[in-house]
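Throughout, a chain's letter reflects where its sequence line sits, starting with A, and its residues are numbered from 1.
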Amino acid sequence: MIVLPHHLSAQTLDTIINERKSFNQSPQIKVDRFPLYVTVNPAENKIYVANHDSNTVSVIDSNSGNVTNDIRVGTGPSYMTVDTTENKIYVANEGDNTVSVIDALTIIR
Amino acid sequence: VVGDNPAFIGTHYDRIYVANEGENTVSVINGSDYNKIKDIVVGDSPAFIEDAPDDIYVANKYNDSVSVIHISLTNGSNDKKIKDIMVGKRPSSITADPGQIFVANEFNNTVSVINASNYKKLKDIPVGDGPISIARGWSNDKIYVANYGNNTVSVINGSNYNKIKDIPVGKGPISIAISKSTSKVYVGYTFESIVTVINASNDNKIKDIQVGDSPASIAIHDDNNMVYVANKGSNTVSVIDGSQDKVVSGITFNTSPANAGSIICDNNKEYPTNVYIYVAIRTICKAQPNKGFEFNSWTENLKHNSTIPINTSSVSNSPLNSFLSSFGIKQNDTSAYFDITRYGTFTANFKPLAPPIPAEYLVPLYGIIVSSIVGWSIPSIVGWINVRNRARRLNQYHKRIVSLYGDGELDEKDIGSLDGLKREILDAYSKGKLADQHYVNLKEEISVLYEEIYNKRLHSLIDISGRANKELFNRIKDDITDAYAKGKITEIHYELLTKKILDYENK
């Protein structure tokens, strides 16, 4: 994070180039631990991410790219399916033998 | 609560079907009140469900079979298993169309094809090692299989059940997703940090896209052609724009002051400001000042209304050019570029240019040349001469700043000259001999030089070791704080130097 004066000396230019080379990482949205499964709800323009190790489902607004909610579900969410007719998301929690139901509109478990 | 170790879910007619891998059943749940209607016993370790119009197909991992459950249109309690079909070893994944069911058998490297009307197995197709994920193309009659064991994707002709080709991909391909709108095939991995894109018309690899670690799950939003990748190794989601197959960043651009300029990216495309947009990674964006403004800096807005300066590259990098441009002499090259590598809100800051000779002064000037002095114009002429003198003075100081570069290097010796110059400028300003904007500009230019000298001093520490290094470092630190306190360096340069100091301390 450096701002450069208008005049770039050859040395500072080199520094920038090296910095850019090392910054080969690609931009990502932060979610919870061990995101095992991702699915899209086209009706609501929302993305759901099952975070296996933190027992949550992250809801990402596909228009804004922001994580709008982290919904607490059962233990070890591992798989999800979107029911577009009912507008619900079902989450299989392999750790506690339950299925969590998320209402896509109210975001309630 | 459903059965033991629920692994997979399907839905049908307001019913939910859950494969319970731990107890060899599929639970049928009422989708309105969420009460369990019944458990249907299937094979050993059901782990995958594929929905078909009137059936669901369940892959039973440990006894090499696929169970067919017939779905009752009206009543979930009438749902029942109608058949177990023997397939290959360790069925891992199923894809079905109205005619056939394709089952990937992970342990004997085949895909079984089953007739969907009489449930007879038609053929075992040899594929790569460890087929783990299978998907059907939307618009072509092709089946794609990710082979976890030998790092390939097999392509199968969906009509004659022959393998078309094996496409070499990255290590540990574990998932396949196919775009409905573009027919492109996306491959996710366990042991890579990439997603591979395959052209479904010629089945050649288009490219690998850098994402997070272990991108195992991929979902495609067909309405807007966006691809979402869950990176289980880095606890993140990457967003890929399917139209250009590039990872995108969610960006909000701002300009400050609001109408002082615009953001131009790619090939001279103007990007909207004040709205959240997806911008492809490595997009080069330029802050383009409007008339009467010049580019100052890019900043990134952080939470709690704070900002930090960010990397930019100036178009012109000769000191002379940038000095000239900062005085409005050459305005074409004053924009600055930076490339998009992360999510964020970025602001291009502009500042007003020192005004040119205003039109009202041109009238008396014209008067001097053409006719004799007319009484009413005298105050204007005085004003104009004043402006001209100030501009001349500005130019003098400016030349002296530039001359500090004269011996080719700027070093500690120049600090004395800089201090003197700074005092003179302040003196001229306080006597009204310099305009406000000129004074600000000169102060900034001087700050640039101070910053460069201190920077050099920090760099020179590398050659000194031990206690001397520590002592010198502390002295430079004190000098910098002192220079800032005395207004020799501007806030932005001070921040930059502080950052350098921190970096150095961390080392």
So what's closer than 4.5 Å to chain B heavy atoms on [X]: side chain, backbone, both or neither?
{"X": "N45(A)", "answer": "both"}
{"X": "L36(A)", "answer": "both"}
{"X": "S62(A)", "answer": "both"}
{"X": "V67(A)", "answer": "neither"}
{"X": "T85(A)", "answer": "neither"}

Please name the pair of heavy atoms, one in [X] and one in [Y], separated by the smallest distance, quoted to 0.1 Å.
{"X": "S78(A)", "Y": "H52(A)", "value": "CB-CD2, 4.2 Å"}
{"X": "I49(B)", "Y": "Y17(B)", "value": "CD1-O, 3.7 Å"}
{"X": "G74(A)", "Y": "D96(A)", "value": "CA-OD2, 3.4 Å"}
{"X": "P215(B)", "Y": "S193(B)", "value": "CD-CA, 4.2 Å"}
{"X": "A50(A)", "Y": "V57(A)", "value": "CA-CG2, 4.3 Å"}

Side chain / backbone / both / neither for [X] at chain A, heavy atoms under 4.5 Å:
{"X": "S234(B)", "value": "both"}
{"X": "N224(B)", "value": "side chain"}
{"X": "I277(B)", "value": "neither"}
{"X": "I9(B)", "value": "both"}
{"X": "I209(B)", "value": "neither"}
{"X": "V247(B)", "value": "side chain"}
{"X": "V248(B)", "value": "backbone"}

For a 4.5 angstrom cut-off between non-hydrogen side-chain atoms, does V279(B) reach Y343(B)?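 A side-chain contact is absent here, since even the closest heavy-atom pair is not under 4.5 Å.
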
Evaluate the side-chain proximity of Y450(B) to Y494(B): yes if any heavy-atom separation is below 4.5 Å, no if none is.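 The answer is no, as the side chains (C-beta and beyond) never meet within the 4.5 Å cut-off.
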
I need the residue from I29(A), V40(A), V31(A) with the largest number of non-hydrogen atom pairs under 4.5 Å to chain B.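 Option with the greatest count: I29(A).
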
Test: E86(A) and R15(B) ion pair at under 4.0 Å: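 Not counted as a salt bridge, because no side-chain N and carboxylate O are separated by less than 4.0 Å.
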
